[in-house]
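This report refers to the structure that appears directly beneath it.
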Amino acid sequence: MAKFSKQPFEYEDNLLKSLLKYGVHVILILYILRKKRGKQGVVEPVVDIRDLTFTYSENSIPALIDINFKVLPGEFVTITGDSGCGKSTLALCLAGFIPSAFPGKMRGTVCIQGKETGEYLHGGLSGIVGLVQQDPEAQLCTLSVKDEVAFGLENLCFASEKIRENVQFALAAVGAEALLDRKVHTLSGGEKQRVAIASVLAMNPSLLILDEPTANLDPHCTEEVLRVLENLKKKRKTSIIVIEHRLDRLLPLSDRLVVMKRGRIVAETIPAVNGKPDALTTSAVRLPPVSSDEIRPGVSLLQTDRISNNPLLVVENLSAGYEGKKILEDISFSAYPGEIIALMGDNGCGKTTLLLALLGVLPLLKGKIFFGGEQISMMKVNRRARSMGLTFQNPNHQIFENTVLKEARLPSFFLKDSSCSEDEQEIMHFLEKFDLLQYKDKIPFALSLGEKKRLTLVSVLAYSPKLLILDEPLVGQDRDRLKLLLDALLDHSRKGGLTIMICHEPAIVASWCRRILFLEKGRLRINAPTEVALEKLSELGRDEYLPPYGYTGLTYGERMPG
């Protein structure tokens, strides 16, 4: 048989002219030839979105506008953009939850493996598309880790042996084998995130979508998860979409970087050419501010003397836990007015437990806490809360009101000694500053994760507690809003306030925190100024806790690449 010519279908067309006398059978043969050539020459996309616009039923402004987007088999795509720009909504469309589970007006098409999502039977996409949501607790539905990871496989009717095999693989992939027999409600936020990722990995989907998968993970676990994603891409040709603000570790894995803004895809790029990032990639990467002028406030804070030599907070031999299990043991440290202290350590090491013990949410098993020179170990939570402002790792745990404005006011109403028009003005100022004023009459639960995080911080800042206790406050923030939050913490510090925050971002810790408390298996392993603490972490081989460009003993501004 003659070879195909360079002109598409020229061979078949000539054959058709010469063999028409053989009837319709020739037409059928040519149709098959054309289909075969199409399959050989064009790769069928796993995702094909065309002219997608979606508006939630309670909103007048579309969450997505004219989205056109394709993902090929084995392609790794990273999506980034401002907080609230529509990234998570796009993920819900890809997984088929929109419009079936979220009412609204949808125009355009979303096809997965050549078929519109609306054409799949209920649950038909569950073995094809795997979605790890922003809030891991929202998708955990069983009591034990073993049952949670096996849940999807059981519903897809996998054989028992295959279920055991996949559960073991998935937990090992995220470094969570030790969690197999744990109860879900006893896990830390980072451990829950690992289990959520494992439960999706176990089903081996063709398309894996992860919405800020590293948000609650410590640096070590982040590296483990990213290695798994790299292997899935290379060995199993899984198509992967990751939605993230923290891009420094993701870009080397990504085939494409997609940038969204106000519901639209505004740019696409290949993250690196010849090993050098282009201008779009550089501007999209979420790092602490990179110019000398922007860095200087953090560095000057590290180098200044203490506002007072009298500690505001003293912890002596603290031990704490829950349900009869000791999580923290013999923790002792002092903290001074004006300090911003980073609390670091692997997931499950007791960081959140320490914050809850400081506020009195968890009773002490042993030890004492002094605040402003007064022993508060037996003081009730409502009294401590007047001087200590806590934001939870999961903002949904402390949102109670039906509008953003009411939520921002709520702590001040109960915890501030007086209320006046100036307080109202300050709350409105914080809402405007943190880009939340436009939502003041909206339901808080309709906000994105990053917006909820900012709202809970506003509600605490509004009543001016001396001590801020913040559990991963920077999660879900784009570059600009990250700078707003850090500036707010710096302003609190300059006024003599103390901040203790859990933070998994070494670059930010290096430039904005005066001291590091590093926990390891429930004990305080390091309590030192930032520079000294980073040197100790390097000596311990914990390089994942060092800034990504390497620690040299210089100030952060001097270490930044030119």
Side-chain angles (χ1 to χ4, degrees), residues 56 58-61 82-84 134-135 355-356 358-361 371 379-478 480-502:
Y56 288 102
E58 67 271 15
N59 292 334
S60 58
I61 300 174
D82 296 345
S83 176
Q134 266 187 332
D135 177 8
L355 297 191
L356 296 177
L358 291 177
L359 188 58
V361 177
F371 187 79
M379 186 182 291
K380 293 183 178 180
V381 175
N382 61 344
R383 286 192 59 200
R384 295 193 207 189
R386 293 181 180 275
S387 300
M388 301 180 177
L390 170 68
T391 63
F392 288 118
Q393 186 178 43
N394 187 340
N396 293 327
H397 292 171
Q398 65 186 108
I399 291 177
F400 304 97
E401 288 286 3
N402 58 5
T403 72
V404 167
L405 179 57
K406 288 180 181 179
E407 185 62 40
R409 289 174 178 158
L410 187 64
S412 297
F413 179 79
F414 287 102
L415 299 172
K416 205 163 188 178
D417 293 330
S418 62
S419 180
C420 60
S421 59
E422 291 182 3
D423 295 336
E424 184 76 8
Q425 291 174 3
E426 187 172 20
I427 290 171
M428 297 296 281
H429 167 71
F430 276 125
L431 289 175
E432 182 176 16
K433 183 178 180 180
F434 289 167
D435 200 20
L436 295 171
L437 189 58
Q438 59 188 317
Y439 307 123
K440 66 183 180 68
D441 297 319
K442 299 290 185 181
I443 299 172
F445 286 105
L447 301 178
S448 70
L449 174 64
E451 290 165 341
K452 290 175 186 175
K453 283 287 208 179
R454 296 203 301 276
L455 175 58
T456 56
L457 183 56
V458 166
S459 69
V460 168
L461 289 173
Y463 75 93
S464 305
K466 291 181 181 179
L467 171 59
L468 296 179
I469 309 171
L470 311 178
D471 199 340
E472 300 196 51
L474 309 181
V475 167
Q477 307 307 320
D478 57 74
D480 292 338
R481 291 168 180 84
L482 173 68
K483 179 65 163 56
L484 286 175
L485 295 188
L486 290 171
D487 281 342
L489 300 185
L490 184 58
D491 185 57
H492 178 260
S493 172
R494 285 170 174 157
K495 294 175 181 177
L498 167 64
T499 298
I500 300 176
M501 69 170 176
I502 297 175

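We're numbering straight along the sequence, starting at 1.
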Name of the residue among K453, E451, R454 meeting side chain to side chain donor-acceptor pair (under 3.5 Å) with Q477
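Result for side chain to side chain donor-acceptor pair (under 3.5 Å) with Q477: R454.
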The salt bridge (charged side-chain N to carboxylate O under 4.0 Å, His left out) partners of D480 (sequence neighbours excluded) come to none
Given side chains that start at C-beta, do those of [X] and [Y] come closer than 4.5 Å, heavy atoms only?
X    : Y    : result
L437 : M428 : yes
D135 : L449 : no
S459 : P411 : yes
V404 : I443 : no
I500 : L468 : no
L498 : K466 : no

Say you draw a straight line from [atom1] of [X] to [atom2] of [Y]; how long is it, rounded to the nearest 0.5 Å?
X    : Y    : atom1 : atom2 : result
K452 : Q134 : NZ    : CD    : 8.0 Å
H492 : K495 : NE2   : NZ    : 8.5 Å
T456 : N394 : OG1   : CG    : 10.0 Å
N402 : I399 : CG    : CD1   : 12.0 Å
L467 : S387 : CG    : OG    : 8.5 Å
L490 : L485 : CG    : CG    : 12.5 Å

Should the heavy atoms of other residues, nucleotides or ligands under 6.0 Å from CZ of F445 be counted, would the total exceed 12?
yes
L484 atom CG: more than 12 heavy-atom contacts under 6.0 Å:
yes
By ring pair (Phe, Tyr, Trp, His ring centres under 6.0 Å), which residues pair with F371, not counting sequence neighbours?
none
Are any side-chain N or O atoms of D471 and backbone N or O atoms of T391, one a donor and one an acceptor, separated by less than 3.5 Å?
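No, because the side chain of D471 does not come within donor-acceptor range (under 3.5 Å) of the backbone of T391.
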Could you pull out the closest heavy-atom pair between [X] and [Y], with the gap in Å?
X    : Y    : value
L358 : M388 : O-SD, 3.5 Å
Y463 : G389 : OH-CA, 3.3 Å
L455 : P444 : CD2-CB, 3.9 Å
A408 : A462 : O-CB, 4.3 Å
S83  : D478 : N-OD2, 2.9 Å
V381 : G360 : CG2-O, 3.3 Å

Under the salt bridge (charged side-chain N to carboxylate O under 4.0 Å, His left out) rule, what pairs show up with a residue in residues 395-415, not counting sequence neighbours?
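Qualifying pairs: R409-E424.
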Provide the full list of salt bridge (charged side-chain N to carboxylate O under 4.0 Å, His left out) pairs with a residue in residues 430-442, sequence neighbours left out, each pair given once.
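Residue pairs passing salt bridge (charged side-chain N to carboxylate O under 4.0 Å, His left out), neighbours aside: D435-R481.
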For the pair L461 and L457, evaluate side chain to side chain contact (heavy atoms under 4.5 Å, CB included) and give the outcome as yes or no after the intermediate values.
CA-CA 6 Å; L461 289 173; L457 183 56; 3.8 Å; yes
Could you walk me through whether F430 and V460 pass the side chain to side chain contact (heavy atoms under 4.5 Å, CB included) check?
CA-CA 11 Å; F430 276 125; V460 168; over 6 Å; no
For N382, the option from R384, K380, R386 that meets side-chain contact (heavy atoms from CB on, under 4.5 Å)
K380
Looking at residues at least two apart in the chain, or sitting in another chain, which of them share a side chain to side chain contact (heavy atoms under 4.5 Å, CB included) with S464?
none
Listed by chain and number, what are the side chain to side chain contact (heavy atoms under 4.5 Å, CB included) partners of P473, not counting sequence neighbours?
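Only L470, M501 meet the side chain to side chain contact (heavy atoms under 4.5 Å, CB included) criterion with P473.
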I'd like to know whether L356 forms a side chain to side chain contact (heavy atoms under 4.5 Å, CB included) with F392, so could you lay out the CA-CA distance, the side-chain angles of the two residues, the decisive distance to 0.1 Å, and finally the verdict.
CA-CA 9 Å; L356 296 177; F392 288 118; 3.8 Å; yes
Walk me through it: do I469 and T499 pass the test side chain to side chain contact (heavy atoms under 4.5 Å, CB included)?
CA-CA 6 Å; I469 309 171; T499 298; over 6 Å; no
